[in-house]
Amino acid sequence: PAKTMDELVSLCKRRGFIFQGSEIYGGMQGAYDYGPLGIELKNNLKAAWWRSMVYERDDVEGLDAAIVQNKHVYKYSGHEDTFTDPMVDCHDCKSRLRADHMKDIKVCDNCGSTNVTEPRDFNLMFKTNVGPMVDEESYTYLRPETAQGIFTNFKNVVDSTSRTLPFGIAQIGKSFRNEITPRNFIFRVREFEQMELEFFCKPGEDEKWHDFWVNTRKQWWLDQGLTEENIEFEYVTGDDLAHYSKSTVDILYKFPHGLEELEGVANRTDYDLGSHTKAQEEFGLSAKVKKNEHSTAKLAIRDLEANKWEVPFCIEPSAGLDRGLLAVMTEAYTEEELENGTTRTVLKFKPHLAPIKVAIMPLKKNKPEIVALAKELKNKLQKLGLGRILYENTGNVGKGYRRHDEVGTPICVTVDFDSIEKEGAPVTVRDRDTMEQIVVNAADLPAYVINYFIN
Ligand code: ATP
């Protein structure tokens, strides 16, 4: 794994994974742009999440709600009142700092001074105006989590799919938080993506499902290439528990800057649906909620056995896509001593996450038959739908291998003179991890590649 954030940051920029946002204007703190390879990696990680959370289960539906929503959503969700971090000012260096995890900081971590104010609450939501009239009422917020769009659509999803408990709604999308001190590359940023599942179940079955999701989510991260020794659980208690949570287990990962939260799995009880439902008094809610004077829908489901309407409990595994990508890159980053005394940098991504699946390189730049066969193979493999297959004609295969090691391309295919002269059109297939080369006939290449990526 990577030992320092610097080596990751520099590889990300050099090879086109991640760039500082607004770089040409001096940058923008807490905002990063994903480059040509970063977007592929991100899409692959999202697809892997969606596959396991939606397609491979028959009890989860997908959703894509709007980012900008009615401000009442945040009034009743509790974000307007409580979505805050404690903040202090340093009198000496004039910086503003986040007082971590509700513990007062006595020392400014910017300049070391002890001359700091008492902590005060800072709301992390971005406020924005909606429509051409700018007045007291025309504001809302950019969503600070995707979850609220799931709760507000609960009735729509139930009515359109006839779901009964237990079932879940999954969503991937952007969230925004005006973090006091964004830092550690893409670990803490102001605009990020979340992959969230809200899993609804009967009260009383919530603890069982909470355990289930904690373990299922950990296994998923292992399937993305993270290793057991770099993952830990943290059982969140007391003051650190969010206002809506009965219990939360954070899945922590050993990032280059330290052991920190990658995903949170919270038991949100009936707090959210209970907060957003109309006729709250009918349901005997277990959570303490604000009285809702605006909602027009009952967010409840019929319990057929007990023959009554019930507000389900909710278990939420909430993962950060950017943090996930950082963890996957950290883990994949490898520097290897080679026998000839040189070193090579390799990103040992799991094949399904690799930004480029196969690179096809003609040995000679300007030999038309070689070039034609290489292009034909590219088109054939591209049609398999595995992801990006790159035809790359630089005429320097050795350099190509090194470059593709560094961006984690699992397979390089070289088309050479044998390929156009010998029967069966043999091509050389080189493996990223073992660096072994084998010969495969052109006609057998699609089957070889499918077998490599699907199994
Ligand atoms: P932290 O304590 O690190 O601020 P949190 O507990 O506030 O995180 P949650 O509200 O549980 O985070 O959000 C769920 C997930 O969303 C987190 O586990 C993380 O992966 C991701 N996330 C939250 N805030 C950020 C951020 N500012 N930048 C990148 N990812 C984030």
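Atoms within a ligand are numbered from 1 in the order they appear, just like the ligands themselves.
When Asn153, Asp159, Thr152 are each tested for a side-chain hydrogen bond (donor to acceptor under 3.5 Å, both in side chains) with Asn156, only one passes: Asn153. A ring-ring contact (aromatic ring centres under 6.0 Å, His included) with Phe200 is found for exactly one of Phe313, Phe154, Trp209, namely Phe154.
Within 6.0 Å of atom OH in Tyr55, 12 or fewer heavy atoms from other residues, nucleotides or ligands are found, so the atom counts as exposed in its surroundings.
The part of Arg98 lying near ligand 1 is the side chain, judged by heavy-atom distances below 4.0 Å. Heavy atoms of Leu262 found under 4.0 angstrom from ligand 1 belong exclusively to the backbone. The proximity of Arg188 to ligand 1, defined as any non-hydrogen pair under 4.0 Å, involves the side chain as well as the backbone.
For the pair Lys218 and Phe233, the cation-pi criterion (under 6.0 Å, within 45° of the ring axis) is fulfilled. A cation-pi contact, defined as under 6.0 Å to the ring centre and within 45° of the axis, is absent between Arg323 and Phe255. For Lys174 and Phe192, the positive end is not near the middle of the six-membered ring at less than 6.0 Å and at most 45° from its axis.
Close contacts between ligand 1 and Glu179 involve ligand atoms 24 (N), 26 (C), 27 (N) [criterion: under 4.0 Å to a heavy atom]. Those atoms of ligand 1 that come under 4.0 Å of a heavy atom in Phe187, given as number and element, are 28 (N), 29 (C), 30 (N). Close contacts between ligand 1 and Glu263 involve ligand atoms 18 (O) [criterion: under 4.0 Å to a heavy atom].
For a threshold of 3.5 Å applied to N or O pairs, the pair formed by Ala319 and ligand 1 contains no separation below that value. Considering backbone and side-chain N/O of Ile186, none are found under 3.5 Å from N/O of ligand 1. Remark: ligand 1 and Gly320 share an N or O pair separated by less than 3.5 Å (distance only, no angle test).
By the 4.0 Å heavy-atom criterion, Asp322 is excluded from the residues contacting ligand 1.
Evaluated by nearest non-hydrogen atom to atom 17 (C) of ligand 1, the leading choice among Glu316, Arg190, Glu261, Arg183 is Glu261. When the heavy atoms of Met195, Arg177, Gln194, Glu145 are ranked by distance to atom 5 (P) of ligand 1, first place goes to Arg177.
Proximity of a side-chain donor or acceptor of Gln382 to a complementary backbone N or O of Ile389 within less than 3.5 Å is detected.
Aromatic ring centres of Tyr76 and Tyr74: separated by at least 6.0 Å.
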